[in-house]
Amino acid sequence: MDTIIVYLNNMFASLPRTEQMVMLKQELLGNMEEKYYELKHEGKTENEAVGIVISEFGNIDELVSELGLGEVRKEEGLSMLPMLDELAVEGFIAAKKKDPACS
């Protein structure tokens, strides 16, 4: 579950810190937690549940834009947050699994 929180924090790191963003982040975390526990209840492993949650929720740029909550800060000429593909998510989970300090 900590991996999901870190992932969400990273997704919001470059967004404006407004009350609306805080509320959106809390709502997303609640939805992600709910999905995570649902998957665990279905018998998924920790890594499977985290991977599925992260891949299903993906990038938040479209949601932020649709809700009119602000624009992503332009840093170093980049206007969008990076989106992790399934391979990157699996690599992240595998690396975390191998590092006992992250457990």
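As the structure is a prediction and not an experimental result, all values here were calculated from the model. Residues: numbered from 1 along the sequence shown.
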Tell me, with the steps shown, if Val22 and Thr18 meet side-chain contact (heavy atoms from CB on, under 4.5 Å).
CA-CA 6 Å; Val22 170; Thr18 64; over 6 Å; no

Once rounded to the nearest 0.5 Å, what's the spacing between atom [atom1] of [X] and atom [atom2] of [Y]?
{"X": "Met11", "Y": "Leu24", "atom1": "CE", "atom2": "CG", "answer": "10.5 Å"}
{"X": "Leu29", "Y": "Tyr7", "atom1": "CG", "atom2": "OH", "answer": "13.5 Å"}
{"X": "Met23", "Y": "Gln26", "atom1": "CE", "atom2": "CD", "answer": "8.0 Å"}

Which side-chain N or O atoms in residues 43-52 pair as donor and acceptor under 3.5 Å with protein atoms at least two apart or in another chain?
unit_1	atom_1	unit_2	atom_2	d
Thr45	OG1	Glu48	N	3.1
Thr45	OG1	Glu48	OE1	3.4
Glu46	OE1	Tyr36	OH	2.3
Glu46	OE2	Met1	N	2.9
Glu46	OE2	Tyr36	OH	3.4
Glu48	OE1	Thr45	N	2.8

Considering only heavy atoms from C-beta outward, does the side chain of Ile54 approach that of Thr3 to under 4.5 Å?
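Contact flag for Ile54/Thr3 side chains = yes.
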
Less than 4.5 Å apart, side chain to side chain, heavy atoms only: is that true for Val6 and Asn10?
yes

Any residue meeting side-chain hydrogen bond (donor to acceptor under 3.5 Å, both in side chains) with Asn9, in chain and number order, not counting sequence neighbours:
Lys25

Under the salt bridge (Lys or Arg N to Asp or Glu O under 4.0 Å) test, which residues partner Glu33, sequence neighbours left out?
none

Crowded around Glu42 CD? As in, over 12 foreign heavy atoms under 6.0 Å?
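Yes, CD of Glu42 has more than 12 neighbouring heavy atoms, counting only those of other groups under 6.0 Å.
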
Of all heavy-atom pairs between Met21 and Phe12, which one has the smallest distance, and what is that distance?
O-CE2, 3.6 Å

